[in-house]
**Student:** 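This structure is in structure tokens; I'll ask about it shortly.
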Amino acid sequence: MGGDVWITSKFFLDDTELAEFEGNSKGYRNDVYVEVLNKLFNIKVYDIVRLQQDHELELETYGYYSGEPNLVLVKDVSKAEIEFVVRKLYEQKYFEIVKPVDDKNIYEFFNLNIE
């Protein structure tokens, strides 16, 4: 792929070192937003340990597990790994099959004027 032309920005609702540390410790981040092709997407980033814990807890509690929309598994929940995975998802045309964010407040939060 020819550089980052395809992806305008990667955003975290909380883009601090503390938020990254907590994301790694907890094994998930649900505040990852990606602007691709003039649309904003929210992906839920999990490591396998956290996903397994959530799976087991929900099976025990509810009798079934229903995964989060746009859930993506990563080796670790670091900013560098998330950015790597976002690039790979784009190359695999992932963002062409998932729904973009439909919340004007999120667009305003990131100062975006996307249709």
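The shown structure was predicted, so the numbers you read here are calculated from the model rather than taken from an experiment.
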**Student:** Before giving the answer on side-chain contact (heavy atoms from CB on, under 4.5 Å), spell out for Y94 and N70 the whole-Å C-alpha distance, their side-chain angles and the decisive distance to 0.1 Å.
**Tutor:** CA-CA 10 Å; Y94 175 81; N70 301 350; 3.7 Å; yes

**Student:** Does anything in residues 17-30 form a side chain to side chain donor-acceptor pair (under 3.5 Å)? List the pairs, not counting sequence neighbours.
**Tutor:** R29-D31

**Student:** Going by side chain to side chain donor-acceptor pair (under 3.5 Å), name the pairs with one or both residues in residues 45-60, residues two or more places apart or in two chains.
**Tutor:** Y46-E68, R50-D54, Q52-E56

**Student:** Between atom CG of L51 and atom CG of L71, what is the distance when rounded to the nearest 0.5 Å?
**Tutor:** 6.0 Å

**Student:** Hey, is CZ on F84 packed in by over 12 heavy atoms from elsewhere, all under 6.0 Å?
**Tutor:** no

**Student:** For Y33, run the ring-ring contact (aromatic ring centres under 6.0 Å, His included) check against F11, F109, F110 and tell me which one passes.
**Tutor:** F110

**Student:** Show your reasoning for whether side-chain contact (heavy atoms from CB on, under 4.5 Å) applies to V98 and F41.
**Tutor:** CA-CA 8 Å; V98 296; F41 299 87; 3.7 Å; yes

**Student:** Test of understanding: clusters of I, L, V, M, F, W, Y form through side-chain heavy atoms closer than 4.5 Å, transitively. Do L112 and L13 belong to the same one?
**Tutor:** yes

**Student:** When you look at I43 and V86, which way does the side-chain contact (heavy atoms from CB on, under 4.5 Å) test go after all the steps?
**Tutor:** CA-CA 9 Å; I43 59 173; V86 165; 3.9 Å; yes

**Student:** With a 4.5 Å cut-off on side-chain heavy-atom distances among I, L, V, M, F, W and Y, is there a chain of contacts connecting V74 to V49?
**Tutor:** no

**Student:** Looking only at non-hydrogen atoms, find the nearest pair between A19 and D14 and report the distance.
**Tutor:** CB-O, 3.2 Å

**Student:** If two hydrophobic side chains count as joined below 4.5 Å and joins carry through other members, does L73 share a cluster with Y65?
**Tutor:** yes

**Student:** Rounded to the nearest 0.5 Å, how far does CG of L57 lie from OH of Y62?
**Tutor:** 7.5 Å

**Student:** Show, in sequence, the C-alpha distance, side-chain angles and deciding distance for L40 and I106, and conclude whether the side-chain contact (heavy atoms from CB on, under 4.5 Å) test is met.
**Tutor:** CA-CA 9 Å; L40 192 62; I106 294 294; 3.5 Å; yes

**Student:** I need the K39 NZ to E96 CD distance, nearest 0.5 Å.
**Tutor:** 9.5 Å

**Student:** Applying a strict under-4.5 Å side-chain criterion to I, L, V, M, F, W and Y, I'd like to know whether I97 and V34 cluster together.
**Tutor:** yes

